[in-house]
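A short worksheet on the structure shown next.
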Protein chains: 2
Amino acid sequence: MRQLVLQVLTEQKTAISLPELEQKFEKADKATLYRTLKTFEEHQLIHSIEDGSGSLRYALCEDFCTCEPEHLHVHFSCNKCGKTYCMKDLPVPQPDLPNGFEFSSANFVVKGICSNCKK
Amino acid sequence: MRQLVLQVLTEQKTAISLPELEQKFEKADKATLYRTLKTFEEHQLIHSIEDGSGSLRYALCEDFCTCEPEHLHVHFSCNKCGKTYCMKDLPVPQPDLPNGFEFSSANFVVKGICSNCKK
DNA sequence: AAAACTTTTGCAACCGAGTTGCAAACTTAC
DNA sequence: GTAAGTTTGCAACTCGGTTGCAAAAGTTTT
């Protein structure tokens with residue numbers, strides 16, 4: 001099962017949500033897929049994005065990604081097709097927080113129209 | 001009802017979620033509060049933040065806020081107390097998107113420990 | 001002030017994403 | 001082959017959000 005999920009993930013060009021993953025299989029149980037994603041995430045194989053669609057989306061991490069703040073990248077969520085892209089070349093800036101606030105992670109999602117829908 | 005909700009909102013130092021708002025009242029119905037927030041949001045009195053807590057949070061907009069991209073600010077979500085702060089002084093940077101991608105909005109949430117929990 | 005109409009509210013039901021307990025199926029080790 | 005550990009599937013449940021509908025409250029018209 002995990003191997004199959006991994007395969008689907010590698011084939012994806014955009015981040016996938018649990019419900020979408022369910023549909024890809026029709027056979028596997030939601031709970032299994034859910035736990036698979038959690039396991040992958042724990043082992044830093046994938047990262048999760050809160051794109052505001054109501055469901056978390058997941059995408060493969062880069063090789064050697066340690067999921068540290070410096071490695072975070074911007075995500076783009078298309079208002080039209082709903083796809084969520086990993087902008088791996090766009091690092092998340094670390095803003096100057098006020099005194100006493102400690103940065104540990106960040107979620108930066110840009111919304112708009114993707115190049116595919118724009119055409 | 002709306003007046004009461006507005007009052008609660010002005011008293012808040014951090015963004016509030018629908019379930020939290022419900023608790024503040026004990027009397028009013030979820031649906032009423034829900035619709036109130038939606039109405040406020042439509043009229044750009046408040047803005048919503050997806051802080052990844054599983055529930056949307058709302059906070060009052062600044063006077064004359066038009067909710068345009070340039071007016072967006074960073075939000076900070078504390079991992080300890082769960083509060084979500086509006087960093088009104090920190091504008092959301094507009095990253096250089098690849099060709100064909102059109103920016104329309106953004107959600108930038110920094111996570112970590114807030115100054116209050118740090119003490 | 002009553003009638004007609006509009007708006008707001010409360011209830012109940014529902015949906016969808018995520019999550020968990022538990023027992024069955026499967027692996028691996030001995 | 002049996003015991004121990006792991007993975008899977010089912011079912012049930014939680015929780016935030018959302019909607020239809022009818023009652024209540026508020027407005028306007030006459």
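Naming convention: chains lettered A, B, ... in sequence-line order (proteins, then strands); numbering from 1 in each chain.
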When we call it a touch if two heavy atoms are under 4.0 Å apart, what does B:K27 touch: a base, just sugar-phosphate, or nothing? nothing

Given D:dT8, D:dA12, D:dG16, the nucleotide with the shortest approach to the side chain of A:M1: D:dT8

With a 4.0 Å cutoff (strictly under), does any side-chain N or O of B:Y34 reach OP1 or OP2 of D:dT18? yes

Which whole-number value in Å describes the distance from B:E50 CD to D:dG17 C1'? 14 Å

Reading DNA chain C in the 5' to 3' direction, which nucleotide is the first one with an atom under 4.0 Å from a heavy atom of chain B, and which is the last? C:dT8 to C:dC11

What residue among A:Q23, A:K24, A:R57 forms side-chain contact (heavy atoms from CB on, under 4.5 Å) with A:I16? A:K24

Close aromatic pair by centroid cut-off 6.0 Å: B:F101 and A:F76: yes

How long is the line joining CZ of B:R57 and C1' of D:dG16, in whole Å? 12 Å

A:L37 CG to D:dT7 C1', in whole Å, measures 15 Å

Which part of the nucleic acid, if any, lies within reach of A:S55 when heavy atoms closer than 4.0 Å are counted: base, sugar-phosphate only, or nothing? sugar-phosphate

Expressed as a whole number of angstroms, how long is the span from B:L33:CG to D:dG16:P? 13 Å

Which whole-number value in Å describes the distance from B:L21 CG to D:dG17 P? 11 Å

Does a side-chain heavy-atom distance below 4.5 Å link B:F40 with B:L60? no

D:dG16 P sits how many Å from B:D29 CG, rounded? 15 Å

Count I, L, V, M, F, W, Y as connected when their side-chain heavy atoms are under 4.5 Å apart, and connections chain through other members. Are A:I46 and A:L33 then in the same cluster? yes

Atom-to-atom span, CD of B:Q3 to P of D:dG26 - whole angstrom: 11 Å

Rounded to the Å, how far apart are B:E22 CD and D:dT14 P? 16 Å

Whether A:H47 and A:H75 hold their rings parallel, tilted or perpendicular, with breakpoints at 30° and 60°: tilted

Nearest-nucleotide comparison on DNA chain C, the residue closer to the 5′ end among A:L18 and A:R35: A:L18

With a 4.5 Å cut-off on side-chain heavy-atom distances among I, L, V, M, F, W and Y, is there a chain of contacts connecting B:V8 to B:I49? no

Atom pair CZ (B:F25) and OG1 (B:T32), whose distance is rounded to the nearest 0.5 Å: 10.5 Å

